[in-house]
Amino acid sequence: MDFELPPLPFKEDALETHISQRTLSFHYGKHHQAYMTNLKNLIQDTDLSKKSLEEIIQESANNPEKIGIFNNAAQVWNHTFYWNSLSPMGGGEPHASLGAKIAQDFGSFEKFADLFKQAGVGQFGSGWTWLVQEQNGSLKITKTPNADLPLIHGQKALLTCDVWEHAYYLDYQNRRPDYIDTFLKHLANWDFAQKNFEK
Ligand SMILES: [Fe+2]
């Protein structure tokens, strides 16, 4: 695998008023980078260092001896996916085929947004909220604790919101519901979700 983090897909101050440069600087430059540094140190000189990030995640999942590798590898993957789930031009309702599928599977975009918010608010402690597609094609909202992710549950991730406190505390303190509202109204990158849906 490549041991460098991909660059953020936008400038650190591009989401200002919704997510501050300070938050992004810590979140990407310290938290995300630390997961990558830890992973690199944990798998250095092992067979896993020659595998892709997805292979490392699959091979370390549900293995108590490799929990540290799994946690760091999954958090590297989750954060890269989260940056792409955000856009300075994001938020609002998706269009194209994913918009139609959301209306079909959840009843309406408003119902989807309510359920997505409930899942994020209801995740006890640290974790993630996801829009995923099941193998049978249906869309589903899930929440996962800590580093857990759709990949190891046979689901395709379409969009995610990081609900670890480090994602919002500097800007929203304890107001996780406000942070998730902002994600849905102003930041959710539906073009990215549409591309994942079409894969
Ligand atoms: Fe995070």
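All ligand and atom numbering here is 1-based and tracks the order in the structure.
Within the 3.5 Å criterion, the main-chain N or O of Ile180 finds no donor-acceptor partner in the side chain of Tyr168.
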Would you give me the side-chain donor-acceptor pairs under 3.5 Å for residues 40-47, sequence neighbours excluded?
{"residue": "Asn41", "atom": "ND2", "partner": "Thr37", "partner atom": "O", "Å": "3.3"}
{"residue": "Thr46", "atom": "OG1", "partner": "Ile43", "partner atom": "O", "Å": "2.8"}
{"residue": "Thr46", "atom": "OG1", "partner": "Leu48", "partner atom": "N", "Å": "3.2"}

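Using a 30° and 60° split on the angle between ring planes, His32 and His79 fall in the tilted class, from 30° to 60°.
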Step by step, would you call Leu53 with Val76 a side-chain contact (heavy atoms from CB on, under 4.5 Å)? CA-CA 8 Å; Leu53 183 58; Val76 168; 3.7 Å; yes

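Within a 6.0 Å radius of CD in Glu198, more than 12 heavy atoms belonging to other residues, nucleotides or ligands are found.
Each of Ile19, Leu187, Asn174 was compared with Tyr179 under the side-chain contact (heavy atoms from CB on, under 4.5 Å) criterion, and only Ile19 meets it.
Taking 2.8 Å as the limit, the number of protein N, O or S atoms around the Fe ion (ligand 1) is 4.
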